[in-house]
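To keep things clear, I will list the structure first and then write my remarks on it.
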2 protein chains.
Amino acid sequence: MTTIYDIAKKTGFSITTVSRALNNYTDVSKTTKKIILDAVTEMGYYPNSSARSLTTKKSWTLGVIFVEDLGIGMKHPFFSAVIESFKQNAEAQGYDIIFLSRNVGGEEKSYLDHASHRGVDGIIIMCSDHKDKEVQQLIESPFPTVVVDLHSDQSSVVYSDNFRGSMLAVDHLVELGHRNIAHIKGHDTTYAGLERLRGFRAAMEKHSLSIPSSYIVDGGFFSVDGGYLAMKELLQLNEHRPTAVFVAGDNMALGALKACKESGITVPDDLSIVGFDDIEVGQHITPTLTTIHQDTDLIGKKASEVLIQQINTRSNEYAAVTIPVKLIVRESTKAIS
Amino acid sequence: MTTIYDIAKKTGFSITTVSRALNNYTDVSKTTKKIILDAVTEMGYYPNSSARSLTTKKSWTLGVIFVEDLGIGMKHPFFSAVIESFKQNAEAQGYDIIFLSRNVGGEEKSYLDHASHRGVDGIIIMCSDHKDKEVQQLIESPFPTVVVDLHSDQSSVVYSDNFRGSMLAVDHLVELGHRNIAHIKGHDTTYAGLERLRGFRAAMEKHSLSIPSSYIVDGGFFSVDGGYLAMKELLQLNEHRPTAVFVAGDNMALGALKACKESGITVPDDLSIVGFDDIEVGQHITPTLTTIHQDTDLIGKKASEVLIQQINTRSNEYAAVTIPVKLIVRESTKAIS
DNA sequence: CTGAAAGCGCTTACAG
DNA sequence: CTGAAAGCGCTTACAG
């Protein structure tokens with residue numbers, strides 16, 4: 001491995017000057033700089049990030065927390081899309097991302113341990129459960145953090161306009177003539193679930209529509225199975241079945257669709273369904289899914305901007321960014337006949 | 001930030017002894033160890049990974065290369081599933097993963113630059129294009145590497161038994177009475193595409209079935225759109241249309257299904273389709289997709305084992321692990337009538 | 001069982 | 001415009 005000393009020896013300059021040339025200091029003569037840079041290329045020198053981090057206290061590394069309630073981790077379509085965008089933007093700013101976990105080398109560690117050990121410059125938190133203690137601990141720590149899809153007063157936050165998304169969904173359904181609208185909600189410990197439920201209630205009230213208590217069913221943590229089970233429950237309301245269901249997540253909508261299919265209910269002829277997320281699959285299933293689009297690219301981009309900004313300014317001011325959503329009408333909703 | 005010096009000062013021992021206690025050296029007295037560990041907990045001390053890496057030349061970091069031919073990165077269902085499993089296993093062994101990219105802070109860098117800069121201990125390469133020069137450069141470098149879904153003589157490799165998968169698919173179709181079987185192949189620069197094609201040809205030959213040249217269509221880089229276009233082409237073979245199509249990837253199969261739907265072809269009544277991968281979506285679409293299951297968990301697990309083994313032994317021997325596949329029969333295939 | 005000292009590869013005042 | 005020196009937080013021979 002070639003070091004800064006090798007370059008110094010080869011070029012005859014001191015390591016101080018080599019370091020300066022490498023870091024684009026202005027007070028290095030053009031000729032010197034060229035000689036050094038040529039040697040760098042020739043010898044295949046790469047600055048050692050550990051040594052640099054040790055002196056500068058900056059790791060150029062961003063921690064990612066992915067709470068895996070569902071055990072699917074990166075397979076989660078929404079979070080993985082956000083992370084991809086976050087990663088691209090962070091990289092463009094020179095940051096690498098590293099996943100923070102609780103299990104390092106078989107030992108139980110906290111996220112804070114892990115983040116401190118690696119000396120990350122900031123952390124993005126993506127998790128559904130806002131009550132997680134470890135996550136809370138991190139938010140309260142001195143690490144700059146940005147939280148996606150969750151609200152906090154002690155951290156910057158970025159999330160979709162969940163409330164408005166629900167309004168859009170209900171408006172669409174009402175426009176199609178539906179009045180008996182049910183809701184499969186996300187779990188109460190999730191911010192997105194809560195907000196979407198709140199939006200649903202507000203929208204129904206706006207249209208002077210009442211909501212029988214049996215019309216709100218818990219679909220859990222946004223999984224296909226959760227949606228399936230919840231829809232089964234709704235389908236048992238024989239006498240007074242809803243004509244439309246607003247499902248708080250596309251994965252759950254997938255499960256709901258499956259339940260309908262099994263019960264011989266045709267969507268959208270017998271029942272209209274609108275989801276939330278706009279995961280890619282929604283375009284490929286039959287019927288294609290009407291849903292609320294979340295702009296994952298923008299969420300990831302904003303999250304990285306907000307976080308890096310916070311790192312650079314070392315400010316204690318937290319940003320709260322709301323990302324607009326939009327309704328995507330496809331085949332799973334239909335005017336009531 | 002508390003350091004080893006703070007612990008030393010507080011406990012009255014030297015930093016040498018503190019370091020030893022921290023690293024579970026046996027030659028530290030029980031009492032001493034306890035005193036030190038208690039101080040560690042009390043003061044909230046976390047060893048600094050940069051300092052440690054600098055002295056030990058080991059970063060406990062594994063690089064991940066994700067070539068994004070499709071620009072979807074982590075959203076790729078197959079690779080993201082493999083990576084999730086890889087990550088979990090690597091973490092259990094004490095390694096963190098870091099994504100290697102070509103663009104660091106706006107400057108064009110090679111993967112090798114990035115890997116050298118971060119001093120990763122090993123690298124997992126997941127990319128479809130086996131001709132990529134940068135990837136080739138990495139494989140030839142001294143870094144321990146493991147390659148997924150690609151063959152190389154200069155690196156350990158882990159991949160599904162693609163050849164066998166194609167055999168299973170064709171056998172299944174033949175058993176159902178199909179004789180006119182077409183193939184939507186993956187791009188020729190991809191190892192998986194090539195192997196699956198080879199398996200398809202061998203299987204057809206085994207059954208003494210001929211393959212008209214028009215029956216093999218290039219679906220490109222395993223995207224939904226590529227499959228859609230390829231299927232459109234097959235559907236134009238009016239007179240001599242195949243009764244079944246073996247598609248080299250599930251995403252492409254999704255596109256193929258869409259093309260059929262648009263053209264009024266009912267799957268499986270008019271045409272049987274079998275995919276490859278077993279992505280989760282396949283279970284939720286209509287019809288559900290018959291496919292070849294790839295064991296992404298095992299692929300990721302084996303990849304991490306092979307890589308870590310190579311790191312530990314510093315051997316130059318490369319492992320080649322083939323992961324078994326299996327046929328999953330669902331609704332998209334049917335006996336010919 | 002414990003400690004003093006050197007060294008890992010860098011950056012950054014300080015001095016000239 | 002350039003260099004000598006100190007220091008970042010660890011680990012590891014070496015010595016006792």
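A:Glu134 meets the side chain to side chain contact (heavy atoms under 4.5 Å, CB included) test with A:Arg102, A:Ser110, A:Tyr111, A:Asp132; sequence neighbours excluded. Taking the side-chain hydrogen bond (donor to acceptor under 3.5 Å, both in side chains) definition, one finds that A:Ser50 meets it with nothing, sequence neighbours left out. For B:Thr145, the side-chain hydrogen bond (donor to acceptor under 3.5 Å, both in side chains) partners are B:Ser155, not counting sequence neighbours. Partners of A:Tyr318 by side chain to side chain contact (heavy atoms under 4.5 Å, CB included), not counting sequence neighbours, listed by chain and number: A:Ser156, A:Gln310. Under the side chain to side chain contact (heavy atoms under 4.5 Å, CB included) criterion, B:Thr313 pairs with B:Gln309, B:Ser315, sequence neighbours left out.
Applying the salt bridge (Lys or Arg N to Asp or Glu O under 4.0 Å) test to pairs two or more places apart or on separate chains, those with a residue in residues 37-62 of chain A are A:Lys10-A:Glu42, A:Lys34-A:Asp38. Within the structure, every pair that satisfies the salt bridge (Lys or Arg N to Asp or Glu O under 4.0 Å) test and touches residues 297-309 of chain A, not counting sequence neighbours, is listed here: A:Lys301-A:Glu305, A:Lys302-A:Glu305.
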Any chance you could lay out the side chain to side chain contact (heavy atoms under 4.5 Å, CB included) test for A:Asn48 and B:Leu54, step after step, and finish with the verdict? CA-CA 8 Å; A:Asn48 178 314; B:Leu54 188 56; 4.3 Å; yes
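Residues from residues 17-24 of chain A with heavy atoms under 4.0 angstrom of DNA chain D, sorted by number: A:Thr17, A:Arg20. Within residues 37-56 of chain B, the residues that have a heavy atom under 4.0 Å from DNA chain C are, in order of number, B:Leu54, B:Thr55. Near DNA chain C, meaning a heavy atom under 4.0 Å away, the residues from residues 5-14 of chain B are B:Gly12, B:Phe13, B:Ser14.
In this structure, B:Thr322 and B:Val158 have side chains that are not in contact, with every pair of non-hydrogen atoms separated by 4.5 Å or more. B:Ile7 is listed as a side-chain neighbour of B:Val40, based on a closest heavy-atom distance under 4.5 Å.
Helical stems of DNA chain C (runs of at least 3 Watson-Crick or G-U pairs, donor-acceptor distances under 3.5 Å) are listed by first residue: C:1-3 with D:14-16, C:5-12 with D:5-12, C:14-16 with D:1-3.
Two rings, from A:His117 and B:Tyr46, have their centers 6.0 Å or more apart.
A pairwise comparison of heavy atoms in A:Leu22 and A:Tyr45 identifies CD2-CE2, 3.5 Å as the closest pair. The two atoms that bring A:Tyr95 and A:Thr61 nearest to each other are CD2-N, 3.8 Å, heavy atoms only.
Taking 4.0 Å as the cutoff to heavy atoms of chain B, we find the contact window on DNA chain D bounded by D:dG9 to D:dC14.
In terms of position on DNA chain D, the residue among B:Tyr25 and B:Met1 whose nearest nucleotide sits closer to the 5' end is B:Met1.
A:Asp121 places a side-chain N or O within 3.5 Å of a backbone atom of A:Trp60 that can act as its donor or acceptor partner. No donor-acceptor pair closer than 3.5 Å links the side chain of A:Ser19 to the backbone N or O of A:Ile15.
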